[in-house]
A.B. asks: 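Got a structure here, written out as structure tokens. Questions coming.
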Amino acid sequence: MSLTLIDNVVNGSLKLSEMTKEELTNLHEFSVANGDFRALKIATNNVTGLYDYNERKPYWLLNDFMDPIWYIEIQNGNEKPFCKKIEWDVVILDDGLQLTNIKHIPLLIAFKYWITATDNPLENSGKLRKGRTVYQSILKVTALINAFLIYGENINISSRHLSCLSDDFLMALMTKLAEEGDITNGIYDYNNQVKEYLKQNIILVDENESAKFAVENPYITRKLLDEEQSLGLSLEERIKACYWLNTVGYYISHTKSGKLAQKPQGNSEHLFWHIYKGKIIPFDFSTACIEELKLSEEVEQKEFKPVPNRDVSEGMSKDVIKQYIHSLKLLNVVHAKNGVSQFSTGTMKRLTPARINEHVRLKKAGRYKTLPPRLVFDLIRDCYEFTKLNQDAILGSVLSVLKEAVTKSTGKNSNPNYIYPGCKGHNPEEPRTERAAWVKKEALNFVDSSLLDMGVKSLSVSPSEVHLFKKRRNNEGLFDLYGVLIGSIQTLTGVIMAKRQDELSSLKSYGNLSPNLDPSSKEGKNTDYFLIAKLKKSGNGGKHSQNTTIKRPIPRSFALIIWKLEQFNFAANNFGLSKNTLSLFPNLNKKTFKLEKIDNNLYNNYLDLICDYFETPVVEYENGELRRYYIRQHQLRRFFAIVFFWSKGFDHAGMETLRWMLGHTDIQHLYHYITESETGKILNGIKASYIADELGKENLENIHKLAEVLEKRYGVLKENISISTFTAAIDDYSDTDSYQTIPPIDELNKREELEFQILELLEDEVITLEPQFFIIEKNGRKINDFTLMLQVKELN
């Protein structure tokens with residue numbers, strides 16, 4: 001019977017997915033007992049792809065393994081595939097020969113096997129990796145190959161190939177990467193290379209010419225913050241550098257149409273390839289423009305520069321350096337292969353994060369900073385009230401405007417009322433196109449009267465307006481209000497569903513609700529709703545990778561908001577108003593009058609828009625500059641955990657609201673839900689922020705012991721630990737008409753440093769913060785409650 005079972009699996013007449021648990025157990029036992037592993041090989045291959053993988057022809061390599069140029073296309077579920085070109089033949093080693101020269105073929109083949117190992121199940125613990133993971137791994141391996149090429153002359157790579165690799169070299173490479181925190185400086189040493197490159201080229205710069213250039217571009221002489229001086233140039237050197245860069249085209253970029261355009265912030269890619277062209281494998285180099293080399297202030301879509309929402313401390317996290325070490329060790333794939341460059345098998349054995357940490361302090365995982373709870377609460381309230389009051393009018397008006405706009409011609413001189421210059425009756429303010437004339441004269445006729453009463457005066461406020469953000473807050477632009485609505489719904493969805501941003505941005509344009517039923521209908525009012533989403537970090541990998549689909553409960557009132565947005569998307573699609581397949585949160589292109597799919601940048605732009613519209617708090621920096629808190633989805637994911645730990649500082653209604661949103665009646669069950677939903681790292685981040693907030697107060701038991709531990713471990717004097725906190729400042733500002741009580745950046749920096757010290761203590765288990773639950777009886781009714789208990793271990 002069991003032999004027949006094995007034969008049926010092997011010949012394909014019985015699929016593993018159709019077998020019962022008992023049949024699978026019998027299949028395993030019989031196969032092992034009889035040494036017949038044919039069926040188990042099929043089962044293993046279904047899960048890992050181990051036996052199908054061809055390391056010289058993975059599914060994503062579109063041409064031959066030995067070709068001098070590789071074209072890569074990696075599937076990404078239902079999203080656009082990842083595409084990359086690897087030009088092996090443009091690399092010239094320090095001996096003057098191309099990497100593709102016959103002399104260097106063993107090295108070239110080793111590099112190629114290294115790339116294909118990123119997707120090889122045999123090299124990745126028998127796992128089928130998802131397209132995004134494979135692509136990111138290829139980028140890391142390519143960066144490491146470039147590191148070998150950049151520093152190859154020091155280790156004689158052109159003559160010794162991989163045999164030149166040593167433990168010391170690889171440790172130095174990984175230590176520098178960990179210390180710098182990214183490949184821009186950790187591998188390519190970008191800032192130092194740029195500094196040396198500029199100093200070599202400004203020696204002969206004429207001082208009078210550069211001084212004249214500074215007069216024409218006074219922005220380059222401005223006072224910079226210390227963190228903005230990454231090159232460390234003097235003012236005189238900065239002026240000469242900017243002048244010289246202008247002469248070599250640094251402030252010019254190519255548009256998609258091939259035309260040249262001014263780029264006063266500079267073209268980092270242009271500068272990078274002046275330094276590294278021909279020395280490394282080309283790639284799309286992208287990094288922030290160097291502040292010292294900008295000719296003018298960048299045109300921002302935000303009212304203020306942002307308060308950094310991520311950990312900006314120097315260095316790399318342990319998790320990220322582990323990924324690079326894994327990518328580096330994939331090079332072991334070359335061993336025992338004929339015609340391939342080899343290196344000592346023991347070279348990488350001692351390469352570990354712990355050993356790197358002995359040379360450079362690895363920071364905790366880069367994390368988004370915890371938002372002050374009051375800020376989140378206020379923003380949720382503002383977003384919900386705005387959406388509830390204005391969603392119908394905004395969506396209805398936008399749909400009416402777009403439907404009419406597409407009937408108007410955008411052809412040159414299509415406005416029948418336009419009279420050419422020089423002709424009698426010419427009006428220079430008369431638009432040339434039919435659509436532009438309609439927008440100017442008639443478009444507001446299609447806008448709901450309630451929005452006109454709110455202040456709408458045009459379809460859109462021009463980005464060049466001097467009082468742009470004030471006009472937006474005065475509701476003068478319909479399309480601007482649409483942006484506020486989309487940002488508000490994104491925020492509400494992000495808080496309630498606690499999903500990753502790419503999970504939210506990939507929600508379908510309609511059909512996300514279960515059941516797919518109007519929540520305002522008679523039946524809908526008595527129905528419980530769920531939101532359907534795909535988990536990005538789950539499911540199957542390989543060529544046909546898929547994400548797991550899940551359903552999560554949402555309040556009916558919010559299901560109605562989603563339903564209305566979906567109906568808008570459905571109607572827009574039927575009327576041909578969409579440029580492509582839409583997502584739930586469609587971007588409105590103000591130039592084309594079409595809706596289009598949102599991407600991460602556009603998603604964040606809408607979040608920025610609501611922060612300016614609802615005026616989230618600002619912080620004063622040391623040079624007097626004001627910066628605003630602009631939220632990100634990852635911060636909103638923490639909302640439930642934030643509320644739990646801060647609930648003791650708010651009224652009882654806050655916890656009741658949280659219970660209602662999550663559908664829990666027992667507060668202990670609520671905490672279990674939070675701990676299961678969030679990783680330990682996120683919870684520790686919340687706890688660290690809460691504990692820092694409690695220092696100097698007497699609300700948390702054992703808080704004085706923590707001060708002693710901080711003093712002993714970090715040398716922080718007790719009298720310096722108690723600082724003015726942001727949460728307290730928020731309480732202050734809510735009672736005033738200005739932001740003058742919000743603390744300056746130096747106080748927030750103290751708070752941040754303290755928070756990270758506490759986070760280290762939590763992750764090292766020197767301290768713990770856990771709730772202690774109890775039941776009290778009040779007026780004959782039992783009430784679940786809790787207190788937070790801080791446990792502090794003594795340091796040796």
Side-chain angles (χ1 to χ4, degrees), residues 133 136-148 150-151 169-196 224-232 268-269 271-272 275-276 280 283-293 305-329 351-370 600 632 634-635 679 681-682 684-685 688 714 745 748-749 752-757 759-760 763-764:
T133 305
Q136 294 297 328
S137 188
I138 288 175
L139 295 182
K140 288 183 175 65
V141 169
T142 304
L144 292 170
I145 291 173
N146 282 342
F148 285 11
I150 290 170
Y151 303 110
F169 172 75
L170 296 180
M171 267 299 298
L173 178 63
M174 288 292 107
T175 299
K176 180 174 174 59
L177 181 60
E179 186 174 24
E180 295 292 346
D182 58 23
I183 65 169
T184 300
N185 290 300
I187 285 180
Y188 299 105
D189 198 27
Y190 179 66
N191 286 346
N192 286 331
Q193 292 296 324
V194 168
K195 182 178 180 179
E196 292 304 313
L224 296 171
L225 297 173
D226 288 344
E227 60 264 30
E228 293 174 331
Q229 301 181 60
S230 57
L231 301 182
S268 295
E269 188 170 19
L271 195 52
F272 181 83
I275 297 170
Y276 279 120
I280 60 175
F283 66 103
D284 294 328
F285 178 77
S286 178
T287 190
C289 294
I290 296 174
E291 193 67 33
E292 289 161 278
L293 304 180
K305 286 185 178 180
V307 174
N309 52 40
R310 286 188 69 92
D311 165 26
V312 292
S313 58
E314 295 181 353
M316 183 171 282
S317 72
K318 182 178 180 180
D319 286 345
V320 176
I321 201 66
K322 281 173 66 176
Q323 294 172 18
Y324 276 99
I325 291 175
H326 172 76
S327 295
L328 181 60
K329 289 187 175 182
L351 194 63
T352 64
R355 186 166 166 231
I356 292 171
N357 201 35
E358 294 174 2
H359 298 271
V360 56
R361 180 69 172 172
L362 294 175
K363 69 178 184 180
K364 300 300 178 182
R367 64 187 185 101
Y368 279 89
K369 296 178 182 179
T370 303
N600 281 336
R632 288 295 176 260
H634 198 81
Q635 294 171 301
T679 66
K681 290 179 181 178
I682 288 179
N684 278 341
Y714 299 104
I745 191 62
L748 291 182
N749 286 339
E752 183 179 341
E753 182 179 359
L754 181 60
E755 209 171 291
F756 274 101
Q757 291 170 350
L759 180 59
E760 285 191 341
E763 295 191 353
D764 292 344

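All residue numbers refer to positions in the sequence shown, counting from 1.
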A.B. asks: Quick check for you: to the nearest 0.5 Å, what is the distance between N146 atom CG and Y151 atom OH?
C.D. replies: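 So the gap between those two atoms works out to 11.0 Å.
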A.B. asks: Please answer whether the main-chain N or O of K195 pairs with a side-chain N or O of N192 as donor and acceptor at a distance below 3.5 Å.
C.D. replies: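 No, the answer is negative, given that no donor and acceptor are paired below the 3.5 Å cut-off.
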A.B. asks: Can you name the nearest heavy-atom pair linking L177 to D182, along with the distance?
C.D. replies: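 Closest pair (atom of L177, atom of D182, distance): CD1-O, 3.7 Å.
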A.B. asks: Quick check for you: to the nearest 0.5 Å, what is the distance between T352 atom OG1 and K322 atom NZ?
C.D. replies: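 Rounded to the nearest 0.5 Å, the OG1-NZ separation comes out at 11.0 Å.
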A.B. asks: Say you draw a straight line from NZ of K318 to CD1 of I325; how long is it, rounded to the nearest 0.5 Å?
C.D. replies: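 K318 atom NZ to I325 atom CD1 measures 10.0 Å (nearest 0.5 Å).
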A.B. asks: My understanding is that only residues two or more places apart in sequence, or in another chain, count here; which of them pass side chain to side chain donor-acceptor pair (under 3.5 Å) with N600?
C.D. replies: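 So N600 forms a side chain to side chain donor-acceptor pair (under 3.5 Å) with Q501.
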A.B. asks: Counting C-beta onward and ignoring hydrogens, is there a side-chain heavy-atom pair between E180 and V360 closer than 4.5 Å?
C.D. replies: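 Side chain of E180 against side chain of V360, heavy atoms only: no contact under 4.5 Å found.
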A.B. asks: Compare every heavy atom of I150 with every heavy atom of I187, then report the nearest pair and how far apart it is.
C.D. replies: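 That closest heavy-atom pairing would be O-CD1, 4.0 Å.
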A.B. asks: Given 3.5 Å as the limit, does a donor-acceptor pair link the side chain of N191 with the main chain of N185, or not?
C.D. replies: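 Here the side-chain-to-backbone pair does not exist.
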A.B. asks: Could you give the distance from CG (L328) to CG (L173), rounded to the nearest 0.5 Å?
C.D. replies: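 Those atoms lie 7.0 Å apart.
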A.B. asks: Can you list everything that forms a side chain to side chain donor-acceptor pair (under 3.5 Å) with H326? Sequence neighbours excluded, please.
C.D. replies: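 Scan of H326 (side chain to side chain donor-acceptor pair (under 3.5 Å), adjacent residues dropped) gives N124.
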A.B. asks: Could you tell me whether the side chain of K329 and the main chain of L351 form a donor-acceptor pair under 3.5 Å?
C.D. replies: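 A pair under 3.5 Å: yes.
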A.B. asks: Any chance you could measure D189, atom CG, to I183, atom CD1, to the nearest 0.5 Å?
C.D. replies: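 D189 atom CG to I183 atom CD1 measures 13.0 Å (nearest 0.5 Å).
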A.B. asks: Tell me every residue that passes side chain to side chain contact (heavy atoms under 4.5 Å, CB included) with K140, counting only those two or more places apart in sequence or in another chain.
C.D. replies: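 For K140, the residues satisfying side chain to side chain contact (heavy atoms under 4.5 Å, CB included) (neighbours in sequence not counted) are Q136, Q323, Y324, S327.
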A.B. asks: If the condition is ring-ring contact (aromatic ring centres under 6.0 Å, His included), which residues does Y190 pass it with, not counting sequence neighbours?
C.D. replies: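 Y190 satisfies ring-ring contact (aromatic ring centres under 6.0 Å, His included) with F285 only.
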A.B. asks: What residues, two or more places apart in sequence or in another chain, satisfy salt bridge (charged side-chain N to carboxylate O under 4.0 Å, His left out) together with E292?
C.D. replies: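 Here no residue qualifies.
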A.B. asks: Suppose we screen for ring-ring contact (aromatic ring centres under 6.0 Å, His included). Which residues come up paired with F283, at least two apart in sequence or across chains?
C.D. replies: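 Applying ring-ring contact (aromatic ring centres under 6.0 Å, His included) to F283 gives Y188, F272, W273.
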A.B. asks: Hey, are the side chains of I280 and F148 touching, using non-hydrogen atoms and a 4.5 Å cut-off?
C.D. replies: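 Side-chain contact under 4.5 Å: no.
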A.B. asks: Between atom NZ of K176 and atom CD1 of I356, what is the distance when rounded to the nearest 0.5 Å?
C.D. replies: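 Nearest 0.5 Å value for the NZ-CD1 distance: 14.0 Å.
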